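The structure under discussion appears below in the form of structure tokens.
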Amino acid sequence: MLSLDKSGISQLPTHTQNSHSFLLSHLLLHSLKLQAPEASHAVPTASTSMPLVSPSQQLLLPSSDMPSSVSGNPSASPRIVCCSGSSPSTVTAPGFNGRQDSERREIRLGLPSNRRMVDQTLSLLKDCRLPVERDSPQQHVATIPELPNLQVFFQHSEEIVRNLSSGHLDIGIAGFDTVSECGQGNEDLIIVHDALGYGDCRLCLAIPKTGIYEKINSVKELAQMSQWTEVQPLRVATGFEYLGKKFMQENGPKPVSILTARGPLEAAPAIGTADVILNLVSCGTILGDNNLKELEGGTALESQAVLVASRKSLIQREDVRDTTREILERLEAHLKAVSYMRVTAYMSGSSVEEITERILSQPSLFDSQNPAVCQVFCQRDGKMVVDCYAIDICVPEKALYSSVQQLRAMGSSRVLISPLTPRWQQLLAKLGL
Ligand SMILES: Nc1ncnc2c1ncn2[C@@H]1O[C@H](COP(=O)(O)OP(=O)(O)OP(=O)(O)O)[C@@H](O)[C@H]1O
Ligand SMILES: O=P(O)(O)OC[C@H]1O[C@H](OP(=O)(O)OP(=O)(O)O)[C@H](O)[C@@H]1O
Ligand SMILES: [Mg+2]
């Protein structure tokens with residue numbers, strides 16, 4: 001077994017540190033003071049190193065933040081605590097200018113209206129069978145009929161991050177770059193899924209290819225150039241003031257001036273308003289077209305679209321947790337390109353036989369796999385007692401969601417999903433299962 005404490009994520013094996021599924025499972029488990037089954041595989045992720053801010057660091061959930069209603073009984077460990085089924089609670093969010101947002105009951109999801117993000121966000125949700133409904137692309141308030149009590153707000157990514165921080169939104173999708181820049185290390189922002197598979201780009205330092213920079217190819221060489229003085233600092237044009245300052249402090253020459261700029265930055269060195277730029281790059285065409293080059297060691301951040309939430313909302317509202325879990329499970333089921341998934345569910349009952357019978361009475365759930373059912377023990381009053389039963393099954397990916405729903409309807413308090421090893425999938429496929 002693997003248990004998380006306050007320093008949890010840093011203790012995980014390296015191959016799992018960036019795993020969104022693993023992390024969220026543990027975030028949810030950790031918030032409920034549960035122990036998780038051992039991770040038996042590496043979950044692939046498109047995310048690469050994120051030198052300045054690591055989403056995984058933001059997933060740490062101090063136990064002191066846990067609401068008493070879900071924190072469980074510390075004397076019974078490990079213990080399964082049911083986390084679904086109650087009516088939505090309310091949260092009072094502080095508003096701008098010190099005003100209080102009125103108590104609200106709906107769950108709010110912010111989706112990016114940015115030209116680069118909007119279409120891919122909508123098609124990802126559609127592929128996860130969470131289509132967004134709105135009368136026209138100009139309608140900025142919408143719904144996802146599959147998720148009752150949820151309101152969708154289309155906003156610019158920066159606004160999404162600000163509104164998550166202020167409590168006006170509960171969940172959102174934005175580029176990790178925007179979350180890091182606008183969030184500025186705000187611990188209330190928590191990355192729920194760090195690799196949604198689009199919006200891939202990097203924030204990097206670029207300099208002119210010619211002139212005094214002709215032989216400069218790395219940040220180190222740039223920092224060692226003799227012309228940067230207190231009177232004439234290196235001028236960096238960027239739309240990322242917070243990340244830019246941090247990166248230059250750690251990597252650049254000491255005399256640096258960060259110039260906040262908007263729009264196409266690539267012309268700044270040619271005009272003479274800046275010496276270098278720190279900007280988002282994906283294929284690098286615009287840099288090349290403007291006679292600029294990236295520097296070795298000049299990547300401040302790797303980014304792609306992420307699912308982000310307000311820690312406060314997740315902690316305070318069970319309905320926000322349930323909806324977040326539902327969105328996450330659908331995202332994972334869609335994003336993991338595997339044909340079979342392993343599903344582990346926990347259920348109360350009187351015996352292994354009784355649970356097995358209950359499961360087998362639902363043939364639609366498990367046409368192809370026999371369930372493994374075992375007892376889960378916990379310590380109570382110094383004695384080991386059976387707390388509940390764990391059911392382990394394999395389901396075809398396309399039946400994943402309906403199977404999970406069925407398990408929940410049968411009274412499963414917790415359902416864990418993990419991909420099977422490719423060899424196991426191949427074997428199942430060869431067996432025609
Ligand atoms: N060149 C790029 N390639 C891939 N993704 C990018 C690129 N530039 C930006 N992104 C991602 O798209 C997000 C939105 O970008 P941005 O805020 O520039 O909006 P936009 O769609 O370009 O413009 P607009 O404000 O006109 O809607 C960024 O936060 C980043 O995550
Ligand atoms: O590496 P490339 O694929 O060439 O892309 C890089 C460009 O993409 C972004 O601008 P965007 O097109 O989003 O325009 P914007 O400045 O209006 O946001 C970024 O600011 C760069 O200018
Ligand atoms: Mg842009």
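Atoms within a ligand are numbered from 1 in the order they appear, just like the ligands themselves. Everything quoted here is computed from the prediction, not taken from an experiment. Atom set for the values below is all heavy atoms of this structure, side chains included, hydrogens, waters and symmetry mates excluded.
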Checklist line | Residue selection (non-hydrogen contact nearest atom 6 (C) of ligand 1) among Q120, R115, R116 | finding: R116
Note to self: Out of all atoms in ligand 1, which are within 4.0 Å of some heavy atom of G199? Include the element for each.
What the structure shows: 5 (N)
Check: Counting only non-hydrogen atoms of the protein, does one fall under 4.0 Å from atom 29 (O) of ligand 1?
Finding: yes
Note to self: Counting only nitrogen or oxygen atoms and a 3.5 angstrom limit, does S113 reach ligand 1?
What the structure shows: no
Item checked: Evaluation steps, side chain to side chain donor-acceptor pair (under 3.5 Å), between Y242 and S180 -> CA-CA 9 Å; Y242 171 76; S180 306; over 6 Å; no
Item checked: Proximal candidate to atom 4 (C) of ligand 1 [heavy atom criterion; set L301, L280, V179, D200] -> D200
Next item on the list: Under 4.0 Å from a heavy atom of H156: give me the atoms of ligand 1 that qualify, with their elements.
Entry: 17 (O), 24 (P), 25 (O), 27 (O)
Next item on the list: Taking atom CD of E296 as the centre, report whether more than 12 heavy atoms of other residues, nucleotides or ligands fall under 6.0 Å from it.
Entry: no
Next item on the list: Identify the residue among D200, I191, D194, V308 that makes a side-chain contact (heavy atoms from CB on, under 4.5 Å) with F176.
Entry: I191
Notebook entry, point to check: Out of curiosity, E329 CD to C128 SG, how far, rounded to the nearest 0.5 Å?
Noted result: 12.0 Å
Item checked: Interatomic spacing from CG in D319 to CG in N149 - rounded to 0.5 Å -> 6.0 Å
Notebook entry, point to check: Can you name the one residue among N291, N279, N290 that meets side-chain hydrogen bond (donor to acceptor under 3.5 Å, both in side chains) with E266?
Noted result: N279
Item checked: Proximity winner for atom 16 (O) of ligand 2, if only heavy atoms of C283, G284, G263 are counted -> G263
Next item on the list: Write out the residue and atom name of the closest protein heavy atom to atom 3 (N) of ligand 1, then the distance separating them to 0.1 Å.
Entry: S282 OG, 2.8 Å
Check: Among all protein non-hydrogen atoms, which one is nearest to atom 15 (O) of ligand 1, and what is the separation to 0.1 Å?
Finding: N114 ND2, 4.1 Å
Check: Going by the atom numbers of ligand 1, which of them fall below 4.0 Å from some non-hydrogen atom of T178?
Finding: 29 (O)
Notebook entry, point to check: With a cut-off of 4.0 Å, which atoms of ligand 1 are near a heavy atom of D177?
Noted result: 28 (C), 29 (O), 30 (C), 31 (O)
Next item on the list: Please determine, by modelled atom types, if S310 and D170 share a side-chain donor-acceptor pair under 3.5 angstrom.
Entry: no
Next item on the list: Specify the protein heavy atom at minimum distance from atom 11 (C) of ligand 1: its residue, its atom name, and the distance to 0.1 Å.
Entry: C201 SG, 4.1 Å
Note to self: Can you tell me how far apart CD (E294) and CD1 (I277) are? Round to the nearest 0.5 Å.
What the structure shows: 10.0 Å
Checklist line | Closest protein heavy atom to atom 12 (O) of ligand 1, given as residue, atom name and distance to 0.1 Å | finding: M117 SD, 3.6 Å
Check: Would you say the side chain of M248 lies within less than 4.5 Å of the side chain of P253, judging by non-hydrogen atoms?
Finding: yes
Notebook entry, point to check: Roughly how far, to the nearest 0.5 Å, is the CD atom of E146 from the CD1 atom of I327?
Noted result: 11.5 Å
Notebook entry, point to check: Any idea which atoms of ligand 1 are less than 4.0 Å away from a heavy-atom of G175?
Noted result: 31 (O)
Notebook entry, point to check: Which of the atoms in ligand 2, numbered in the order shown and given with their element, are less than 4.0 Å from a heavy-atom of N279?
Noted result: 19 (C), 20 (O), 21 (C), 22 (O)
Checklist line | Which residue and heavy atom of the protein sit nearest atom 19 (C) of ligand 2, plus the separation | finding: L280 O, 3.3 Å
Notebook entry, point to check: Is ligand 2 under 4.0 Å from a heavy atom in the side chain of L265, in the backbone, in both, or in neither?
Noted result: neither
Item checked: Where ligand 2 meets V281 - atom numbers and elements under 4.0 angstrom, heavy-atom basis -> 1 (O)
Next item on the list: Report the C-alpha separation of R330 and E326 in whole Å, then their side-chain angles, then the decisive distance to 0.1 Å, and conclude whether the salt bridge (charged side-chain N to carboxylate O under 4.0 Å, His left out) test is met.
Entry: CA-CA 6 Å; R330 291 192 187 221; E326 180 140 2; 3.3 Å; yes
Item checked: Nearest neighbour in protein (non-hydrogen) for atom 17 (O) of ligand 2 -> R115 NH2, 3.9 Å
Notebook entry, point to check: Considering distance alone, does some N or O of I286 sit under 3.5 Å from an N or O of ligand 2?
Noted result: yes
Item checked: Closest contact, heavy atoms only, L335 versus L196 -> CD2-O, 3.8 Å
Check: Considering only heavy atoms of E266, which atoms of ligand 2 have at least one such atom less than 4.0 Å away?
Finding: 21 (C), 22 (O)
Notebook entry, point to check: Got the closest protein heavy atom to atom 12 (O) of ligand 2, with its distance?
Noted result: R116 NH2, 2.9 Å
Note to self: To the closest 0.5 Å, what do you measure between OG1 (T121) and CZ (F154)?
What the structure shows: 8.5 Å
